[in-house]
Amino acid sequence: MTTGEILAGVMFLWAMFQQYFPPYIQKYSQKLVSFVYPYIQITFHEFSADRWKRSEDYVAIENYLTASSYSRAKRFKAEIIKDTQSVVLSIDDHEEATDEFQGVKLWWASNKTTPKNQSISFYPCADEKRCYKLTFHKQYRDLIVGAYLNHVIKEGKAIAVRNRQRKIYTNNPSQNWYGYKKTVWSYVPFEHPATFETLAMESKKKEEIVNDLTIFCKGKENYSIIGKAWKRGYLLYGPPGTGKSSMIAAMANLLNYDIYDVELTSVKDNTELRKLLTQTTSKSIIVIEDINCWLNLAGQRKKKKEKEESKEKLIPKKGKEIESESQSQSKESNVTVSGLLNFIDGLWSACGEERLIVFTTNHVEKLDPALIRRGRMDNHIELSYCCFEAFKVLAKNYLDIDSHYLFPTIERLLEETKMTPADVAEHLMPKSITDIDPETACLEDLIQALESAKELEGRVKAEKEAKEKEEEEEEKLEAEKEAKEKEASQLQLLEK
């Protein structure tokens, strides 16, 4: 019988003793056992009792044990990652592994506890808890607590960097934050191919954005010196189809960051919003798309609430009506603008580091200036209609051409009319595999679309001018009519 088997047997008997013997007997028995049992045990919990965030040390230990115990452990959990030559393994629950450090042998165990009294509840008070337990001889206490644990954490973090697969997350409804397989965020692998080289925009503007992002990701020491949280806000605004989502993907690919796409309508209140923030990791981009749409909903909820409160003062509600109303309110989002401001710029925003916060909007003029001021949204980036330089990028991406005899015509039309990069890209997609000259066919199709758009813009502009002229004439006639009536009334007063 090996030392590990003996140790496992002792730990099993000790667990049985703790479960079936009264606490006061355990208290004195522990003192007795401590004299003869020469081993120390340290527990590393996945979540501590007073913290929302998953322990970084727990994750580092998990990575370290998976790598160091690959040949010794017998049961693993596997995750297959796309475009890799191997699967990512982690030690399964209730599995044991041994390790050795400077000639000292140690034992690791992965444990999971489940609440004894299972009950059906919307918010269960207890849930599964995971931890790692380290056991070693007490004569090596200083070595293990100092050098060994530092070695484990350092190696675990290095392994995480080497094996890191970037992900895009979305927040789950709060009812999924509890119970079995609880999770605040769900994710899929992030595989968007957009880069700054393929973005359809002016090269000078792209260079400015890349420089700004590069300075940020290398600025940890600078942010610490000036006393600011290591984060930066970006506001992307412009008409639909101008590349705001592609810009976010290019930023993530440039910096090798994860993306957290926040759906505010599924967040119940400001407290849940803060919890979402604490569950994000460093080296990530937190995205809230179409922020103006959420602000409109928030404003409508506020007006509706004020209207119902004033109505309630006049007509008191019955018990069933109040109950049904409270149930409907509990289902809808009650996140406030103040809560969102604290999310991006308050004390809670400093609970992590090296993060970008990105807002997108189609109507920047509708946003509250307090929401997008510098310090919250530090860099405002306008993504507008397609210019000729952006078109050349798209022509290179889609048709692999740098010049063409139709380019001057397209350049002139792009200066005379408005078309988004998304619409331009659609016309550069080959429509037939039988075309002898697909490049020319696509460019001619684009020219035709630009001419149609120009004609439509001219017609709309003419109609608008005609309508304005008609309104001016109506106002003029109305003013003349009022003047005549006023003059007639004055004459009547004089005759009297």
Side-chain angles (χ1 to χ4, degrees), residues 168 190 192-213 232-255 257 259 261-263 285-296 356-367 371-372 377-399 407 410-429 442-443 445-457 460-461:
I168 179 168
F190 179 70
H192 200 293
T195 64
F196 277 94
E197 288 76 16
T198 60
L199 279 185
M201 63 188 303
E202 300 92 329
S203 57
K204 183 179 179 181
K205 197 170 187 178
K206 284 197 282 189
E207 185 179 352
E208 290 174 354
I209 298 169
V210 169
N211 288 340
D212 188 74
L213 291 168
R232 188 161 177 80
Y234 288 82
L235 174 67
L236 310 182
Y237 65 96
T242 52
K244 293 183 286 294
S245 297
S246 297
M247 170 66 76
I248 296 170
M251 293 165 74
N253 286 328
L254 174 70
L255 301 175
Y257 283 7
I259 295 178
D261 186 9
V262 181
E263 178 54 57
I285 303 176
I286 300 173
V287 179
I288 300 179
E289 294 193 280
D290 298 320
I291 184 67
N292 57 292
C293 296
W294 176 81
L295 289 172
N296 291 339
L356 300 178
I357 300 175
V358 179
F359 288 172
T360 72
T361 181
N362 299 333
H363 304 283
V364 67
E365 70 280 357
K366 295 182 179 179
L367 297 182
L371 185 65
I372 60 175
M377 294 292 106
D378 304 285
N379 196 343
H380 296 191
I381 301 173
E382 181 181 9
L383 299 171
S384 189
Y385 294 101
C386 190
C387 62
F388 182 63
E389 191 173 356
F391 158 75
K392 288 195 293 184
V393 175
L394 292 173
K396 181 66 176 176
N397 293 343
Y398 285 83
L399 304 176
F407 273 20
I410 294 172
E411 182 177 9
R412 175 180 56 81
L413 288 170
L414 285 173
E415 291 174 354
E416 296 172 352
T417 188
K418 294 178 180 179
M419 182 173 285
T420 65
D423 290 332
V424 171
E426 177 60 29
H427 291 290
L428 295 180
M429 292 283 289
C442 290
L443 294 176
D445 182 45
L446 175 60
I447 289 172
Q448 185 178 355
L450 287 168
E451 289 174 342
S452 299
K454 180 182 176 182
E455 183 181 346
L456 179 61
E457 284 181 13
V460 170
K461 184 178 180 181

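- Here the side chains of T360 and I248 are in contact, with some heavy-atom distance below 4.5 Å.
- Considering OH of Y234 and CG of D212, their distance stands at 3.5 Å, rounded to 0.5 Å.
- With values rounded to the nearest 0.5 angstrom, N379 atom CG is found 9.0 Å from E208 atom CD.
- For the atom pair E202 CD and K392 NZ, the distance stands at 11.5 Å (nearest 0.5 Å).
- Between Y237 and L367, every side-chain heavy-atom pair lies at or beyond the 4.5 Å cut-off.
- When all heavy atoms of H363 and N292 are compared, the pair lying nearest together is CD2-ND2, 3.8 Å.
- Residue E416 places its CD atom among more than 12 non-hydrogen atoms of other residues, nucleotides or ligands, all under 6.0 Å distant.
- Separation of atoms CD1 (I410) and CE (M419) is listed at 10.5 Å; rounding is to 0.5 Å.
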- Please report the C-alpha distance between H192 and I168 in whole Å, then the side-chain angles of each, then the deciding distance to 0.1 Å, and finally whether the side-chain contact (heavy atoms from CB on, under 4.5 Å) criterion is met. CA-CA 10 Å; H192 200 293; I168 179 168; over 6 Å; no
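- L213 places a side-chain heavy atom less than 4.5 Å from the side chain of F196.
- Here the closest heavy-atom approach between residue L383 and residue K205 is recorded as N-NZ, 4.5 Å.
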- Does the pair H380 and V364 meet the rule for a side-chain contact (heavy atoms from CB on, under 4.5 Å), with working shown? CA-CA 10 Å; H380 296 191; V364 67; 5.9 Å; no
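- Counting heavy atoms from C-beta outward, E415 and E411 have side chains that approach closer than 4.5 Å.
- T361 OG1 to E289 CD: the interatomic distance, rounded to the nearest 0.5 Å, is 11.0 Å.
- Put simply, CD1 on I286 and OH on Y257 are 11.5 Å apart, with the number rounded to the nearest 0.5 Å.
- The heavy-atom pair separating Y385 from T242 by the smallest distance is N-CG2, 4.4 Å.
- Two residues are said to be in side-chain contact when any heavy atoms from C-beta on lie closer than 4.5 Å; Y398 and M429 meet this criterion.
- Within the 4.5 Å cutoff, side-chain heavy atoms of M251 are placed close to those of V358.
- Within the 3.5 Å criterion, the main-chain N or O of A194 finds a donor-acceptor partner in the side chain of N253.
- In this structure, the side chains of L428 and F391 come closer than 4.5 Å at one or more pairs of heavy atoms.
- For the residue pair V393 and E197, the shortest heavy atom distance occurs at CG1-O, 3.7 Å.
- Residues N397 and T198 bring no donor and acceptor atom of their side chains to less than 3.5 Å of each other.
- Between L235 and D378 there is no side-chain heavy-atom pair separated by less than 4.5 Å.
- Counting non-hydrogen atoms of neighbouring residues, nucleotides and ligands closer than 6.0 angstrom, the CD atom of E457 exceeds 12 such neighbours.
- In this structure, K454 contributes its side chain and L413 its backbone to no donor-acceptor pair below 3.5 Å.
- Between P239 and S384, the closest heavy-atom pair is CD-CA, 4.4 Å.
- The heavy-atom pair separating L399 from C442 by the smallest distance is CD2-SG, 4.0 Å.
- Within 6.0 Å of atom NZ in K418, 12 or fewer heavy atoms from other residues, nucleotides or ligands are found, so the atom counts as exposed in its surroundings.
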